[in-house]
Amino acid sequence: MSSFNPSTAGGSSGTSAASDKLLMVRSVDLLKSKDGPNRREHHTDAYFSDKLIVRRGQTFQMWIEFSRPFNPKSDKLQLQLKLDPIFSSNPGIRISVPLVDVLEDGRWEMKLVEQKDKRVRLAVNTLPSASIGRYRVTVESFSPRGKLLFPCTPNDIYLLFNPWCEDDPVFLDNEEERKEYVLNSMGRIYYGTEQQIGARTWNFAQFEQDVLEACLFLLERGQVAVTEWRDPVIVCRTVSALVNTNDDRGVLMGNWSDSYEDGTSPTVWTGSGAILRQYYKSSGKPVKYGQCWVFAGVTTSVLRCLGIPTRCVTNFSSAHDTDLSLSTDIYLDEKLELIKDETSDSVWNFHVWNESWMTRPDLPAGNGGWQVVDATPQELSQGSYRCGPTPVSAVRNGQVHLKYDTPFVFAEVNSDRIYWQKKADGSLSQVHVEKNSIGQSISTKAVGSDARVDITHLYKYPEGSEEERIAVETASRFGSKPTLYLSPTDSDVSIEIVMNGAGPRIGEDAKLSIVLKNTSSKQRTAALLYEVMVMYYTGVMKDTVKKDRITVDLKPQETKIFPWTLQYKEYMNHLVDQGALMLSVTGRVNQTKQILATQFNFRLRTPDLIITPLEDAVVGKELTVQITFQNPLTQVLKSVLFRVEGLGMQSVRMIEHGDVEKLGKVTLTEKYVPTVSGSQKLLASMDCRLLTQVHGFADIVVKPE
């Protein structure tokens with residue numbers, strides 16, 4: 001309830017007889033409680049805040065108490081709403097909400113729905129195209145004796161996008177999808193390689209304490225006029241620039257250097273809440289550090305919090321095509337050794353971006369629906385590090401001229417790998433092409449479960465189909481250079497690298513197989529060079545661990561499989577963050593001069609943290625949980641820290657454990673008090689310089705009190 005000593009504006013003042021006839025507002029009740037009808041009907045009851053949070057294009061109710069009964073014949077009433085930027089001098093928005101007899105859709109209006117003595121209940125209609133944000137509210141009352149103003153401060157109204165409203169551009173007509181992409185605060189983010197897909201659980205925390213305030217604070221940092229806050233296309237584009245710090249005062253600083261002493265290692269974060277709260281409470285100091293999945297996790301949190309349906313999407317073998325040639329170029333010297341510093345193109349083992357759901361009235365019909373939004377700072381777009389929103393349908397059809405940033409996204413999922421050989425005179429010849437190697441197993445979490453769903457078909461037509469050929473030709477017309485494919489006349493020997501099962505674990509020897517196949521009716525001899533390199537997951541090579549040359553004789557029609565092993569002692573001192581390695585094999589067939597080339601990315605799998613609740617979970621009661629970890633390395637892990645969040649906790653718990661012995665086991669016993677009933681998750685991760693990407697989660701059903 002708000003109460004205030006009203007100021008008069010016009011009319012007579014002073015005498016008590018006059019004030020009896022003036023219509024004075026005594027109090028306003030915005031009916032903002034979490035379990036009240038406003039918050040429930042607007043699907044905002046999960047927000048930790050005790051403010052009135054409503055969605056646009058939908059009515060909400062409020063009570064006003066006057067100094068005397070309201071007389072509809074002689075008294076008038078209206079609301080004044082103000083949306084003013086707090087941190088900039090940009091002009092704000094003023095809205096007058098008149099009292100009417102009948103509410104009509106698509107207008108700011110209110111209607112008297114109940115009168116009890118001196119109190120009236122109003123139904124207030126908001127516009128489905130209104131700017132989102134925090135509105136200040138003033139009640140204006142008019143009577144024959146004059147006008148009075150009653151500011152409702154500090155009871156502001158937070159207005160959000162509304163995926164439940166058919167007239168809102170973010171409308172999503174499937175309730176299960178709305179629950180997943182707007183209301184679910186837990187998700188899965190995929191990483192690794194297409195042969196070894198890993199998953200980590202992420203706490204989007206969009207309803208946690210201070211997160212809504214942090215998201216609106218962030219929007220203001222974007223220097224975009226509040227009149228533009230009505231448009232989800234502009235809001236998504238602004239957020240994609242602001243989640244990174246590269247050219248504005250954004251949230252998260254990227255770091256791919258493998259050195260994080262003055263911040264948090266990107267693999268340690270388990271959710272966005274701590275990041276957004278730290279940013280907000282420090283008045284916008286950048287948080288250290290992020291990599292692509294952290295940028296995507298935070299973007300999902302911000303957009304879901306504001307009401308835009310959003311999901312995390314992982315693209316495996318993701319091309320970073322700096323010249324938009326729609327090809328990723330790899331250069332070999334005369335001895336077929338990789339020239340490592342020649343190319344600025346790279347292929348990321350995986351790259352995580354977002355998709356947000358909205359109509360695109362700024363584009364030709366058929367481009368609404370899922371839009372790629374990518375906050376990882378990779379390339380400048382109209383002067384800022386941002387990407388999107390890019391219609392997924394435009395990527396699929398090769399319509400790279402449609403905005404925003406479609407050529408870049410198209411190349412991420414469609415490039416071919418082309419191997420060039422550099423001659424002594426500096427000239428280049430194309431020696432091998434690997435088609436279809438880029439843009440694999442594009443993945444997102446399923447609706448309503450933790451399963452992985454492959455959505456590659458939304459980004460590209462089946463390989464070799466007529467539609468795919470047309471899409472690539474369409475895109476090539478707009479690309480920077482046409483791609484020429486030259487094949488040697490004889491290409492009867494093939495090479496492939498194969499991994500068994502889920503692949504090697506960290507601390508063990510890594511075993512792969514190299515398969516050579518001779519499809520000709522003649523003898524073939526191949527001289528091969530193999531090199532295994534430690535990689536950052538972004539495709540940047542750190543150093544070579546081992547290389548060697550071998551010669552293989554193949555009989556007519558023969559297939560030869562020979563095992564290849566990298567011992568733990570050979571790689572143990574070389575690893576970087578993600579335990580990522582690449583085996584590159586090049587070679588030449590003596591008889592035909594055919595060039596053989598292939599690259600295979602793999603990772604060393606890390607152990608999980610095992611989380612076990614030791615009793616039933618009940619809201620408000622202490623719950624004992626056991627967290628166990630087994631060190632897979634014959635090395636001591638120094639200064640190990642564990643981070644735990646979830647179960648409705650409003651912050652992350654840090655547990656400083658100290659050192660873990662070689663091959664040692666850790667068992668932690670921790671107590672938590674669940675605050676929310678229903679199906680919840682508890683997440684944990686381990687922070688350790690020597691062993692990264694160690695995390696785990698438990699599904700815990702919390703009973704009501």
Side-chain angles (χ1 to χ4, degrees), residues 192-194 254-259 291-292 316-351 376-379 411-412 415-434 437-438 481 483 495-497 510 512 514 526-550 564 566-567 570-588 595-604:
T193 68
E194 60 258 40
N255 182 343
W256 286 266
S257 74
D258 207 30
S259 171
Q291 291 178 2
C292 69
F316 290 96
S317 291
S318 189
H320 183 172
D321 181 8
T322 51
D323 60 2
L324 299 183
S325 60
L326 305 184
S327 67
T328 304
D329 301 310
I330 297 163
Y331 298 93
L332 309 173
D333 64 15
E334 288 188 284
K335 295 179 182 167
L336 299 181
E337 295 210 18
L338 280 175
I339 307 174
K340 297 189 179 71
D341 52 2
E342 185 77 28
T343 181
S344 54
D345 291 350
S346 60
V347 177
W348 295 33
N349 284 1
F350 67 95
H351 179 45
T376 299
Q378 293 184 92
E379 295 291 325
E412 285 183 300
S415 302
D416 294 325
R417 267 199 185 101
I418 302 182
Y419 292 80
W420 302 85
Q421 189 173 20
K422 201 169 192 177
K423 308 273 174 55
D425 62 2
S427 65
L428 292 170
S429 65
Q430 198 170 299
V431 291
H432 182 66
V433 176
E434 268 183 357
S437 61
I438 301 297
K481 64 180 190 215
T483 307
I495 186 166
E496 188 186 4
I497 299 167
L512 303 173
I514 299 172
L528 301 180
L529 164 71
Y530 75 75
E531 183 173 7
V532 64
M533 288 154 283
V534 171
M535 306 285 288
Y536 294 96
Y537 84 96
T538 55
V540 175
M541 299 166 204
K542 186 191 175 210
D543 48 36
T544 296
V545 179
K546 176 181 178 182
K547 69 184 201 181
D548 203 358
R549 291 185 181 273
I550 40 176
W564 178 90
L566 178 67
Q567 293 178 326
E570 292 174 308
Y571 71 70
M572 64 183 267
N573 295 321
H574 292 277
L575 289 185
V576 291
D577 251 2
Q578 308 266 333
L581 295 152
M582 180 175 77
L583 176 59
S584 172
V585 183
T586 54
R588 185 183 272 111
I595 300 289
L596 303 171
T598 190
Q599 294 180 338
F600 185 82
N601 291 292
F602 62 102
R603 68 182 176 94
L604 301 161

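Start at 1 with the first residue, then count along the sequence. Hydrogens, waters and symmetry mates play no part in the numbers below; they use all other heavy atoms, side chains included.
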Q: To the nearest 0.5 Å, how far apart are OH in Tyr419 and CG in Asp329?
A: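 These two atoms lie 11.5 Å from each other.
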Q: Would you call Phe600 and Val585 a side-chain contact if the rule is heavy atoms closer than 4.5 Å?
A: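 Heavy-atom side-chain distance check fails, nothing below 4.5 Å.
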Q: Can you name the residues that form a side chain to side chain contact (heavy atoms under 4.5 Å, CB included) with Lys546, not counting sequence neighbours?
A: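 Expected list: Tyr530, Val532, Leu566, Glu570.
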Q: How far apart are the closest heavy atoms of Thr193 and Phe316, and which atoms are they?
A: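 What the structure gives for the nearest pair is C-CD2, 3.6 Å.
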Q: Quick one: do the Glu531 and Thr544 side chains pair a donor with an acceptor below 3.5 Å?
A: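 Judged by distance alone, the side chains do pair up.
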Q: Return the set of residues passing side chain to side chain contact (heavy atoms under 4.5 Å, CB included) with Thr538 (not counting sequence neighbours), or none when no residue passes.
A: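 With sequence neighbours excluded, Thr538 shows a side chain to side chain contact (heavy atoms under 4.5 Å, CB included) to Trp256, Trp348, Tyr536, Val540, given in chain and number order.
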Q: Do NZ/NE/NH1/NH2 and the carboxylate oxygens of Arg549 and Glu337 come within less than 4.0 Å?
A: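 Glu337 and Arg549: salt-bridged.
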Q: Minimum heavy-atom separation for Gly192 and Asn349, please, with both atom names.
A: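 Shortest heavy-atom contact: O-CB, 3.5 Å.
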Q: Between the side chains of Thr598 and Glu496, is a donor N or O closer than 3.5 angstrom to an acceptor N or O?
A: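 Absent: no donor and acceptor within the cut-off.
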Q: Can you check whether Ala411's main-chain N or O pairs, donor with acceptor, with Ser415's side chain at less than 3.5 Å?
A: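 Looks like yes, one N/O pair under 3.5 Å.
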Q: Hey, is the main chain of Leu336 close enough, under 3.5 Å, to the side chain of Thr586 for a donor-acceptor pair?
A: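 Side chain of Thr586 to backbone of Leu336, a donor-acceptor pair under 3.5 Å: yes, one is there.
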Q: Would you check if Lys542 and Met533 make a side-chain contact, meaning some heavy-atom pair closer than 4.5 Å?
A: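 Lys542 vs Met533: side chains apart.
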Q: So, do Lys422 and Glu334 sit near enough that their side-chain heavy atoms are less than 4.5 Å apart?
A: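 A side-chain contact is absent here, since even the closest heavy-atom pair is not under 4.5 Å.
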Q: Checking Gln291 side chain against Asn255 main chain: does a donor-acceptor pair fall under 3.5 Å?
A: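 Side chain of Gln291 to backbone of Asn255, a donor-acceptor pair under 3.5 Å: yes, one is there.
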Q: Which heavy atom of Ile418 sits nearest a heavy atom of Gln430, and at what distance?
A: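 Shortest heavy-atom separation between Ile418 and Gln430 comes out as CG2-CG, 3.4 Å.
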Q: CD1/Ile595 to CD/Gln421 distance, rounded to the nearest 0.5 angstrom?
A: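 If we round to the nearest 0.5 Å, Ile595:CD1 and Gln421:CD are 5.0 Å apart.
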Q: Side-chain contact, heavy-atom cut-off 4.5 Å: Gln599 with Leu338?
A: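 Result yes, sub-4.5 Å side-chain heavy-atom pair found.
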Q: Tell me, do Tyr571 and Val534 make a side-chain contact under 4.5 Å, heavy atoms counted?
A: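 In short, these two side chains do not touch, never coming nearer than 4.5 Å.
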Q: Do Cys292 and Phe350 have side chains that approach each other closer than 4.5 Å (heavy atoms only, starting at C-beta)?
A: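 Cys292 reaches Phe350 side chain to side chain.
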Q: Rounded to the nearest 0.5 Å, how far apart are CG of Leu332 and CZ of Arg588?
A: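 Leu332 atom CG to Arg588 atom CZ measures 10.0 Å (nearest 0.5 Å).
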Q: Enter the distance from Ile497:CD1 to Leu583:CG here, rounded to the nearest 0.5 Å.
A: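 If we round to the nearest 0.5 Å, Ile497:CD1 and Leu583:CG are 4.0 Å apart.
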Q: Taking side chain to side chain contact (heavy atoms under 4.5 Å, CB included) as the definition, give me every residue that meets it alongside Ser259, ordered by chain and number, with sequence neighbours left out.
A: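 Checked Ser259 against side chain to side chain contact (heavy atoms under 4.5 Å, CB included); matches are Ser257, Glu261.
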Q: Can you tell me how far apart CE (Met541) and CG (Asp543) are? Round to the nearest 0.5 Å.
A: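 It comes to 11.5 Å.
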Q: From Ile514 CD1 over to Leu596 CG, what is the distance, rounded to the nearest 0.5 angstrom?
A: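 The CG atom of Leu596 is 11.5 Å from CD1 of Ile514, to the nearest 0.5 Å.
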Q: Report the residue from Arg417, Lys340, Glu434 that forms a side-chain contact (heavy atoms from CB on, under 4.5 Å) with Ile330.
A: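 Answer after filtering Arg417, Lys340, Glu434: Arg417.
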Q: Of the non-hydrogen atoms in Leu604 and Ala510, which two are nearest, and what is the gap between them?
A: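 Closest pair (atom of Leu604, atom of Ala510, distance): CD2-CB, 4.2 Å.
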Q: Looking at His432 and Ala597, would you say the former's side chain and the latter's main chain have a donor-acceptor pair under 3.5 Å?
A: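 Such a contact is found between His432 side chain and Ala597 backbone.
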